[in-house]
Every structure is written in structure tokens, then in C-alpha cells.
Amino acid sequence: MSMLTNTLGRYFAGRFVVAALGVFASIFLLLVLVDYIEMVRKTSGLASASAIMVAETSLFRVPQLLEKLTPFCMLIGAMTCYLALSRRLELVVARAAGISAWQFISPALGSALLIGVIATIAYNPMSANLRELSKRMEAELFGSAPGGGIQDASGFWLNQVTDDGQVIINAARSEQQGVRLTGLTLFRFDTDWHFKERIEAREAALEDGHWLFRTVRRFTLDSPPVDQARLEIPTTLTEAQVRNSFSTPETVSFWQLPNYIRSSESSGFATAGYRLQYHKLLAQPFLLAAMVMLAASVSLRFFRMGGVQKMVLSGVGAGFLLYVLSKVTEDLSKAELMHPIAAAWLPAVVGGLTGFLALLYQEDG
């Protein structure tokens, strides 16, 4: 019996992994195609944009998008796996051999936990690095005009006050968590808060004690525009302060998050977003296992008993509600109305308990 259980366990685990990776690859290809078409539309007027570079930019952007869809890949993959096993009567044979539902669900749970660990410690750092690389390529594609091209949301804003007055910096894109900026517009004010000049620059880099701007055009109220190859503006900001101001938690890899949390605490910045992202990554293996539990609770029904379509729709609906719950808790945590640990772990706990109770009712109730 032990040998039979181990053999079936490896078989069910293999079927689940193949189904989950198949869903993952299908969604990946779909996202790459959609993003590539959008990038082609936006670069159609740029003579310097080659098809290969546009394709690489889209390819490097997609992994981080797909990371957010990993729980749904697990849900759809597990449902596909168990529905196929049920349709081919393999689950019926397993039950007839004395294997309970808990025994042929356990291999998929173990596989989901392992996939979640790999996604946290390996896939997340890779997707963050590829996203930074895609930003650099976007800057090369759209950096010819200040403020042009693809922007990160509404851009990035930075305010600094020095002995010469105040400088407000707006950047269309940020690389290396704000250490390098492209598509810049600056507004300078003197010590009496009177407008001094507006500056547009192609790119800027934070160096020791100053910002170095390149391909600069300066506008004042009483003189024509002046072009400069480079311009230095003093700053008291450090790399750590700029990284904490410009970086978003999703673009920081799992291994760097503890340092960012400590740095933000010492600099007086809010750490709720970084803490939430860190605990979400820690909870990711258990969230994937919870998705397997939900999928199993709606996919183990014998086909000839009918009602499979309703069960599948209920599983998809449960996954959607779990996504809504995760977004609500995430927003509450970022607004500091909910502790990051509770916000990160609540969807995994709710999903796991829901699937466990549903399976317990179906199999033992």
C-alpha cells in the first residue's frame, strides 16, 4: 500500500506540475504578445526602434506582470489537472484502491509549496532585475525627447531644498530605484521662493553630492532657451534616500527588502509598503497551496454526477473573491489602517481554510 501511495503521489504531483507550468507558459505567451503589440504601437513613430529591441523590452517587462498572476496559474492548473483525472476516471480508480482524497491532494500541495518557495527566492529577484533592464531599454527607445515615451504612472516627483533655493524634479522614468532618471523637468526657485528657471534634461544620475544632468535645455523668463551638454546641481540626498523615495516595493527583490525596510526606518520613511511586499512573498507558498485546496474542492466531483460546470464557476468565483480580498487588505495596509503581516497572510489563511472546510464537508461530512 505504501509503494502504491508513493507511486500515485509522484504521478499526481507530475500531472499537477505539468498542468500548472502549461497554464503559466500560456499566460506568459499571451502577455508577451499583447505587450509587444502595444509597444509596437507606441514605437511606430521612432526610426531608431528595431523590432528585436522592442520584443526584448516587452519580454523583460512581462515576468513581473506574470508574478502577480501566479496564484491564478496555480488555481487554473490544479483545476485542469483534477478535472482531467476525474474525466479519465483515474480518481475513481484511486478511490477504489483505498486512496483517500487527502492522499492524492497532498502531492499537489507539496508541489505548490515548492513552486512558491522557488517563486519567492529565485523568480522574484529575476523579475525585478528584468524590470530594471526593461526600464533601461525604454529609456534608450524613448529618451530622445524629455518626458516622452512610456511613463511610470504619472512620473516621479522629488523636492529638495539647498542653500541656493528649492528644486522640484519630475522624472518620466526611473532606473536603479531612482539613482538614474530620464525624461526630466526641473523647476528652480531662489531662497525667497521666487521662480528662477525651468530645466529640461534627457537623463540624470545621482553622484556624490550632486545631480549630473545631460542634454539640458534651460528656460528663463527674460532670455531665450539655452542648451547645455551637462549641468550639475548640488544635493544633500544620498543614494539610500533616493532609492527609498523612488523605488516601489514591487521592483525590489526579495533579498533586498530587509535592507530597504531598515534603511527606510532609519531615514524616517514609511515602511508599510516594503513590509507588506516582504510578507506577501513569505506567504506566497502558502497562498499557492491555498489555491490548490480551492481547486480541489471544486474539481473532484465525478463527471457522471453532473454539476461540474457550476463547481468550476464557483472555483473561479472563489479565486476572484480571494483576489479582491488581497487588494482590499493591500490598500488598507498601505494606508496604515491594517498591519502588513495581517494584510499579507489573511488571503492565504482565508483561502486555505475555505478550501479545507469545503473538502472536509465533501469527503468526510
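Note that this is a predicted model, so its numbers are computed, not measured.
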Chi angles and distances behind the side chain to side chain contact (heavy atoms under 4.5 Å, CB included) call for Ile121, Trp255: CA-CA 8 Å; Ile121 66 176; Trp255 301 109; 3.6 Å; yes
Short side-chain to backbone donor-acceptor contact, Ser333 and Glu330, under 3.5 Å: no
Side chain to side chain contact (heavy atoms under 4.5 Å, CB included) between Val226 and Arg217, worked out: CA-CA 6 Å; Val226 177; Arg217 172 168 289 185; over 6 Å; no
same_hphob_cluster(Val316, Leu325) at 4.5 Å side-chain heavy-atom cutoff: yes
Modelled atom types, side-chain donor and acceptor of Ser127 and Glu67, under 3.5 Å: yes
Which atom of Ser297 lies closest to which atom of Ala358, heavy atoms considered: CB-CB, 3.6 Å
Closest heavy-atom pair and its distance - Leu75, Met291: CD1-O, 3.6 Å
For residues 338-348, dump all side-chain donor-acceptor pairs below 3.5 Å to protein atoms at least two apart in sequence or in another chain.
unit_1	atom_1	unit_2	atom_2	d
His339	ND1	Ile341	N	3.1

Modelled atom types, side-chain donor and acceptor of Ser58 and Arg61, under 3.5 Å: no
Within 6.0 Å of CZ in Phe195, more than 12 heavy atoms from elsewhere: yes
Expected output: side-chain Ser86 to main-chain Leu83 donor-acceptor under 3.5 Å: no
Stepwise side chain to side chain contact (heavy atoms under 4.5 Å, CB included) check, His210 with Ile233: CA-CA 5 Å; His210 66 271; Ile233 295 181; over 6 Å; no
OH/Tyr123: more than 12 non-hydrogen atoms of other groups inside 6.0 Å: yes
Non-hydrogen atoms of Val252 and Gln256 that approach each other most closely: CG1-CB, 3.7 Å
Common cluster, Tyr361/Leu353, ILVMFWY with side-chain heavy-atom separation under 4.5 Å: no
Main-chain N/O of His194 paired with Asp192 side-chain donor or acceptor, under 3.5 Å: no
Test item: Arg131 and Phe60 side chains (from C-beta on) under 4.5 Å apart, heavy atoms: no
Leu65 CG to Leu69 CG distance, which is reported to the nearest 0.5 Å: 8.0 Å
Separation of Leu184 CG from Phe213 CZ (nearest 0.5 Å): 6.0 Å
Passing candidate, side chain to side chain contact (heavy atoms under 4.5 Å, CB included) with Ile37, options Val40, Asp35, Leu33: Leu33
Distance-only side-chain donor-acceptor flag, Thr182 / Glu203, under 3.5 Å: no
Same apolar cluster: Ile105 and Leu114, side chain cutoff 4.5 Å: no
Donor-acceptor pair, side chain of His279 and main chain of Gln277, under 3.5 angstrom: no
Polar side-chain atom of Ser223 near backbone of Thr220 as donor-acceptor pair, under 3.5 Å: no
Check: Leu287 and Leu322 side chains under 4.5 Å, non-hydrogen atoms: yes
Smallest separation among heavy atoms of Ala128 and Gln64, with atom names: CA-NE2, 4.3 Å
Close side-chain approach of Glu56 to Met137, heavy-atom, < 4.5 Å: yes
N/O donor-acceptor pair under 3.5 Å between Ser111 side chain and Pro107 backbone: yes
Same apolar cluster (I L V M F W Y, side chains within < 4.5 Å links), Leu212/Val167: no
Arg218 with Glu197: basic N within carboxylate O range, under 4.0 Å: yes
Any donor-acceptor pair under 3.5 Å from Trp211 side chain to Ala205 backbone: no
Minimum-distance pair of heavy atoms, taken over all atoms of Leu113 and Pro285: CD2-O, 3.4 Å
Do any side-chain atoms of residues 16-32 form donor-acceptor pairs under 3.5 angstrom with protein atoms, and if so which ones, sequence neighbours left out?
unit_1	atom_1	unit_2	atom_2	d
Ser26	OG	Gly22	O	2.8

Nearest-0.5 Å distance, CZ of residue Arg15 to CG of residue Leu85: 4.5 Å
Arg230 and Glu232 ion-paired at < 4.0 Å: yes
Verdict with reasoning, Thr57 to Tyr36, per side chain to side chain contact (heavy atoms under 4.5 Å, CB included): CA-CA 8 Å; Thr57 305; Tyr36 176 71; over 6 Å; no
Spacing of CG belonging to Leu186 relative to CG belonging to Leu231, to within rounding of 0.5 Å: 8.0 Å
Glu200 side chain near Val216 side chain, heavy-atom distance below 4.5 Å: no
Gln284 to Thr70 - nearest heavy-atom pair and separation: OE1-CB, 4.5 Å
is_close_aromatic(Phe356, Trp102), centroid dist under 6.0 Å: yes
Distance, nearest 0.5 Å, that separates CG of Asn124 from CE of Met126: 9.5 Å
NZ/NE/NH1/NH2 to OD/OE distance under 4.0 Å, Lys196 and Asp190: no
Test of ring centre spacing under 6.0 Å for Phe72 and Tyr323: yes
Gap separating the OG atom of Ser134 from the CG atom of Asn129, nearest 0.5 angstrom: 11.0 Å
ILVMFWY network linking Ile261 to Leu276, side-chain heavy atoms under 4.5 angstrom: no
